Amino acid sequence: MTLGRTDAATPPRQRGEHPALHATGLRRRFAQAGQHTEVLSGAELTVEAGELVTITGRSGSGKTTLLALLSGFDAPDEGTVTYGGEPADAVPWWVCAVLPQALGLAAELTCAENVALPRRLRPATAGSAEPPESRGVAEVLADLGLADLADRYPAELSFGQQQRVALARAVVDGPSVLLVDEPTAHLDAAATGTVLALLRRQADEGTAVVAVTHDPAVREVADRRLRLDSGVLVPG
């Protein structure tokens, strides 16, 4: 797949009055053995609707911590995160979807039921704040090569299959922002290609996608490549 890409620290073009995701001055410190270690040192990130951005960095550099701050799973010691110009804690929870490394699938639900869970939990009276549904549960499972596993439970699947179920759950209702942590880490070449095609399509349909990865194949389909180095994001 050939894409127009840039490694610039800022996006190549604006797609609206406000970027889909904007983080500024993110700092996060952790106490270790009586000392404070600063993992993030003022990280800045802007992602426009329709962009797929990859973030690399050595193990322990703070990539997963950064995703936790972007998603609201954790709070920064300093800095802000906004979605579409609104503070992250002031927008509906379904605006940002996450594929974490700890997948969080409900063991008592089938694959199809896990994928449908965000749709079931979202308020019926969300009105115009509700993002558009991009595709049905059966369709997104088929997109990820899981059509035959819809009625199985997570314990009956390999970890790679579980990972794809969790990705289907994240994208089924067309989030404005999608954050994925090592989305191909447990996949073979064929499944990796399937996942990359879905991530690329999500971006092409207008989702701002941020992928933390060590996989060169993920970087290959990105619009922009960044690297976390000494607590800040740099081109690369």
Side-chain angles (χ1 to χ4, degrees), residues 1 52-68 70-71 73-74 93-94 96-122 133-175 177-205 207 209-222 225 228:
M1 183 181 299
L52 196 167
V53 176
T54 57
I55 297 175
T56 57
R58 62 176 178 77
S59 297
S61 62
K63 301 183 301 297
T64 296
T65 297
L66 176 61
L67 280 196
L70 296 177
S71 65
F73 289 176
D74 191 15
W93 58 265
W94 55 82
C96 178
V98 183
L99 174 66
Q101 290 194 43
L103 302 176
L105 296 176
E108 70 276 16
L109 300 181
T110 66
C111 292
E113 289 168 342
N114 268 285
V115 174
L117 192 58
R119 188 170 297 176
R120 291 175 55 191
L121 294 176
R122 206 167 59 194
E133 297 179 357
S134 61
R135 56 185 65 92
V137 171
E139 183 180 353
V140 74
L141 284 172
D143 288 345
L144 286 166
L146 300 168
D148 294 339
L149 304 178
D151 294 328
R152 295 193 187 181
Y153 292 89
E156 301 177 277
L157 308 181
S158 69
F159 191 84
Q161 290 168 333
Q162 292 179 31
Q163 188 178 40
R164 281 181 281 158
V165 170
L167 178 59
R169 178 187 60 191
V171 305
V172 69
D173 277 344
V177 177
L178 175 64
L179 309 175
V180 294
D181 198 348
E182 299 290 358
T184 61
H186 303 279
L187 306 181
D188 60 21
T192 291
T194 298
V195 165
L196 296 184
L198 182 136
L199 293 179
R200 185 64 259 174
R201 184 169 71 181
Q202 285 296 129
D204 291 343
E205 291 176 353
T207 300
V209 181
V210 178
V212 161
T213 184
H214 286 100
D215 189 344
V218 182
R219 287 167 48 84
E220 180 62 28
V221 301
R225 303 166 176 173
L228 192 58

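Note that the structure is predicted; figures quoted are calculated from it, not measured.
- Side-chain contact between Leu198 and Val171 is present, with at least one heavy-atom pair separated by less than 4.5 Å.
- Between Val53 and Val209, the closest side-chain pair of non-hydrogen atoms is not below 4.5 Å.
- When all heavy atoms of Leu103 and Ala166 are compared, the closest pair comes out as CD2-CB, 4.0 Å.
- In this structure, Gly145 and Thr194 approach most closely via the heavy-atom pair N-CG2, 4.4 Å.
- In this structure the side chain of Pro154 never reaches within 4.5 angstrom of the side chain of Val165, judged on heavy atoms.
- Nearest heavy-atom pair, Glu108 versus Tyr153, reported as atom, atom and distance to 0.1 Å: O-CE2, 3.3 Å.
- Distance check, rounded to the nearest 0.5 Å: CG of Leu99 to CG of Leu67 gives 9.5 Å.
- In terms of heavy-atom proximity, Asp173 sits nearest to Pro118 at OD2-C, 4.4 Å.
- Taking CZ of Arg164 as the reference point, atom OG1 of Thr184 lies at 12.0 Å (rounded to 0.5 Å).
- No more than 12 heavy-atom neighbours from other residues, nucleotides or ligands sit within 6.0 angstrom of CG on Asp148.
- No side-chain heavy atom of Val212 sits under 4.5 Å from any side-chain heavy atom of Val180.
- Screening Lys63, Gln101, His214 for a side chain to side chain donor-acceptor pair (under 3.5 Å) with Glu182, the sole residue that qualifies is His214.
- Atom CD in Glu156 sits 9.0 Å away from atom CG in Leu149 (nearest 0.5 Å).
- Salt bridge absent: Arg219 and Asp215 never bring a charged side-chain N and a carboxylate O closer than 4.0 Å.
- The shortest side-chain heavy-atom distance between Leu141 and Val137 falls under the 4.5 Å cut-off.
- In this structure, Leu66 CG and Leu70 CG are separated by 4.5 Å, a value rounded to the nearest 0.5 Å.
- Between Val210 and Ile55, the closest heavy-atom pair is CG1-CD1, 3.7 Å.
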Test side-chain contact (heavy atoms from CB on, under 4.5 Å) applied to Cys111 and Asp151, step by step: CA-CA 6 Å; Cys111 292; Asp151 294 328; over 6 Å; no

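- Annotation: side chain of Val177 is in contact with side chain of Leu179 (closest heavy-atom distance under 4.5 Å).
- Contact of the Arg119 side chain with the Val172 side chain is registered, since non-hydrogen atoms from C-beta on lie closer than 4.5 Å.
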CA sep, side-chain torsions, deciding dist, call: Leu187, Val195, side-chain contact (heavy atoms from CB on, under 4.5 Å): CA-CA 9 Å; Leu187 306 181; Val195 165; 3.5 Å; yes

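- Contact check on Asp143 versus Arg201 returns a salt bridge, with a Lys/Arg side-chain nitrogen under 4.0 Å from an Asp/Glu carboxylate oxygen.
- Here the CZ atom belonging to Arg169 is positioned 5.0 Å from the CG atom belonging to Leu105, to the nearest 0.5 angstrom.
- In terms of heavy-atom proximity, Ala211 sits nearest to Val218 at CB-CG1, 4.1 Å.
- No donor-acceptor distance shorter than 3.5 angstrom exists from the side chain of Glu205 to the backbone of Gln202, with no hydrogens or angles considered.
- Contact of the Leu121 side chain with the Trp94 side chain is not registered, since no non-hydrogen atoms from C-beta on lie closer than 4.5 Å.
- Atom CG of Leu199 is separated from atom CG of Leu178 by 6.5 Å, given to the nearest 0.5 angstrom.
- The backbone N or O of Thr110 sits less than 3.5 Å from a side-chain atom of Glu113, completing a donor-acceptor pair.
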